[in-house]
Student: 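To start, I am sharing the structure in question, which I have written as structure tokens.
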Amino acid sequence: MARTMVLNALLLSCVFSCAVAQFNPSKPPAKPVKSDIKYIKCQVCELLAKNAYRQVQDLKKAVKPNKKLDEMAVIELMEHITDPEKDQGEWVAKIDLVESGEKLLVQEQDELGDCGVECKTVQRAAEEIVGDRDTDLAEELWKLKMNRAQFTNWLCRSLTSSCKGKVPKLPADRKPGPPFTVLDQQQAQLQKMMAGMKEQGMGGTVYDRDTIMKKYMNGYDDDYEDDDEDEGATATAQGAAAGAKSSVSKLAEQATDAAGSALSYTQKKLSSALSKAQSLLSGDKKTDPAAEL
């Protein structure tokens with residue numbers, strides 16, 4: 001029992017190794033303002049076309065001489081082009097919606113922004129444009145027989161009706177959106193890592209060290225007080241529990257410090273920790289848990 005509890009605690013500490021104080025786990029995720037999409041859909045479509053076209057050109061440039069661009073790479077690009085948490089969809093997180101008279105302008109910024117309400121609104125607009133057409137878009141981009149202007153016109157006026165018709169006027173009583181907030185580089189790295197962990201089924205919730213201790217370690221020692229084991233075994237188990245609590249505390253502190261490091265370094269640490277924990281779980285089950293600790 002002690003072995004299982006300790007390993008579970010270690011695994012949990014690995015999963016939450018990206019914990020940092022500036023992330024608020026209780027903050028609800030931002031939601032798109034669907035009523036704003038009609039004001040920005042054409043502009044978003046044009047930006048979507050520009051970014052998709054540019055990224056495919058970059059992929060082609062990276063292909064070795066006498067080699068052909070893999071169509072699957074373009075399909076993958078189009079699968080992620082609307083996701084601000086992916087490299088392909090970073091352009092979404094650089095958009096600021098600016099009220100200008102009767103128009104809602106879509107303005108590109110140089111830096112990544114915090115993906116709040118406006119970012120989510122742009123993302124939803126882009127998702128509606130792509131819809132189930134990602135394969136068709138990928139095929140056209142892979143062929144790359146059109147220039148960018150032709151591709152934009154085809155996407156926004158032929159394949160979809162994003163730029164057809166007159167854009168409605170922005171209501172005078174519409175509440176202005178929040179200001180554009182530049183995302184700190186370390187926060188951007190952590191968000192990408194958490195998104196990657198979530199995609200791999202490792203969960204995406206972030207906790208700080210104190211929350212980890214309270215949520216997963218409170219009452220750990222008490223579990224052994226009601227056992228019918230002899231006094232010596234109970235003392236050993238309690239000692240193991242105390243050691244586990246100390247280990248998790250140290251790991252959580254180290255994780256908080258590591259959160260400010262480069263993304264690649266943190267990912268290596270996470271992979272190594274998970275590998276060790278999995279090895280322990282599949283190890284010799286006959287060994288005395290207290291002795292191993």
Student: Would you give the length of the straight line joining atom CD1 of Ile40 to atom CG of Leu97, rounded to the nearest 0.5 angstrom?
Tutor: 5.0 Å
Student: So, do Lys145 and Gln150 sit near enough that their side-chain heavy atoms are less than 4.5 Å apart?
Tutor: no
Student: Would you indicate whether Lys31, at its atom NZ, is surrounded by more than 12 heavy atoms from other residues, nucleotides or ligands within a distance under 6.0 Å?
Tutor: no
Student: Does Tyr53 use its side chain to pair, donor to acceptor, with the backbone of Met146 at less than 3.5 Å?
Tutor: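 Side chain of Tyr53 to backbone of Met146: a pair is present.
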Student: Which of these passes side-chain contact (heavy atoms from CB on, under 4.5 Å) with Val74: Leu141, Leu144, Asp134?
Tutor: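 Going through Leu141, Leu144, Asp134 one by one, the side-chain contact (heavy atoms from CB on, under 4.5 Å) with Val74 is satisfied by Leu141 alone.
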Student: Considering only heavy atoms from C-beta outward, does the side chain of Thr160 approach that of Arg133 to under 4.5 Å?
Tutor: yes
Student: Would Ile75 and Glu79 count as a side chain to side chain contact (heavy atoms under 4.5 Å, CB included) here? Give the steps.
Tutor: CA-CA 6 Å; Ile75 292 175; Glu79 287 177 348; 3.8 Å; yes
Student: So, for Leu137 and Trp154, which heavy atoms are closest and what is the spacing to 0.1 Å?
Tutor: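 Heavy-atom minimum between the residues: CD2-CZ3, 3.6 Å.
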Student: Please check if Leu48 and Leu59 belong to a single hydrophobic cluster, counting links between Ile, Leu, Val, Met, Phe, Trp and Tyr side chain heavy atoms closer than 4.5 Å.
Tutor: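 Yes, because Leu48 and Leu59 connect within a single hydrophobic cluster, where side-chain heavy atoms sit under 4.5 Å apart.
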Student: Shortest non-hydrogen contact from Ala125 to Lys41?
Tutor: O-CE, 4.4 Å
Student: What pair of heavy atoms forms the shortest contact from Gln55 to Gln88, and how long is it?
Tutor: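 Shortest heavy-atom contact: NE2-O, 2.9 Å.
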Student: Phe180, Leu104: one ILVMFWY side-chain cluster at the under-4.5 Å cut-off?
Tutor: no
Student: Please check if Leu155 and Val167 belong to a single hydrophobic cluster, counting links between Ile, Leu, Val, Met, Phe, Trp and Tyr side chain heavy atoms closer than 4.5 Å.
Tutor: no
Student: Taking CZ in Arg148 as the centre, count heavy atoms belonging to other residues, nucleotides or ligands within less than 6.0 Å. Is the count above 12?
Tutor: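 No, not enclosed.
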Student: How far does OG1 of Thr135 sit from CD of Glu140, to the nearest 0.5 angstrom?
Tutor: 12.0 Å
Student: Would Leu159 end up clustered with Ile129 when hydrophobic side chains under 4.5 Å apart are linked, directly or stepwise?
Tutor: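 Result: yes, single cluster for both.
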Student: Any side-chain heavy atom of Gln123 within less than 4.5 Å of one from Pro32?
Tutor: no
Student: Can you tell me how far NZ of Lys34 sits from NZ of Lys120, rounded to the nearest 0.5 angstrom?
Tutor: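 So the NZ of Lys120 and the NZ of Lys34 are separated by 13.5 Å.
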Student: Hey, are the side chains of Cys119 and Val92 touching, using non-hydrogen atoms and a 4.5 Å cut-off?
Tutor: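 Touching, per the 4.5 Å side-chain cut-off.
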Student: My understanding is that a hydrophobic cluster links ILVMFWY residues whose side chain heavy atoms are under 4.5 Å apart, including indirect links. Using that, what else belongs to the cluster containing Val117?
Tutor: Val33
Student: For Trp142 versus Leu69, what's the shortest heavy-atom pair and its separation?
Tutor: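 In this case the closest contact between Trp142 and Leu69 is NE1-O, 2.6 Å.
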Student: According to the side chain to side chain donor-acceptor pair (under 3.5 Å) rule, which pairs have a member within residues 93-113, sequence neighbours left out?
Tutor: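 Of all non-adjacent pairs touching residues 93-113, those that pass side chain to side chain donor-acceptor pair (under 3.5 Å) are Lys50-Glu108, Glu99-Arg174.
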Student: State whether cysteine residues Cys42 and Cys156 meet the disulfide criterion of an SG-SG distance below 2.5 Å.
Tutor: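 No, Cys42 does not link to Cys156 through a disulfide.
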Student: With side chains defined as the heavy atoms from C-beta onward, is the minimum distance between Val182 and Leu112 less than 4.5 Å?
Tutor: no
Student: Looking at side-chain heavy atoms only, is the closest gap between Arg54 and Asn51 below 4.5 Å?
Tutor: yes
Student: Where is the tightest heavy-atom contact between Tyr39 and Pro171, given as atom of each residue plus distance?
Tutor: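 Taking Tyr39 first and Pro171 second, the nearest heavy atoms are OH-CD, 3.1 Å.
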Student: Would you say the side chain of Gln43 lies within less than 4.5 Å of the side chain of Leu47, judging by non-hydrogen atoms?
Tutor: no
Student: Testing the basics here: between Ala30 and Gly116, what is the closest heavy-atom pair and its distance to 0.1 Å?
Tutor: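 Smallest interatomic distance, heavy atoms only, reads CB-C, 3.5 Å.
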Student: To the closest 0.5 Å, what do you measure between CG (Asp83) and CD (Glu127)?
Tutor: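 Nearest 0.5 Å value for the CG-CD distance: 8.0 Å.
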Student: Does one hydrophobic cluster hold both Val63 and Val56, with members joined at side-chain heavy-atom distances below 4.5 Å?
Tutor: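 Both belong to a single hydrophobic cluster.
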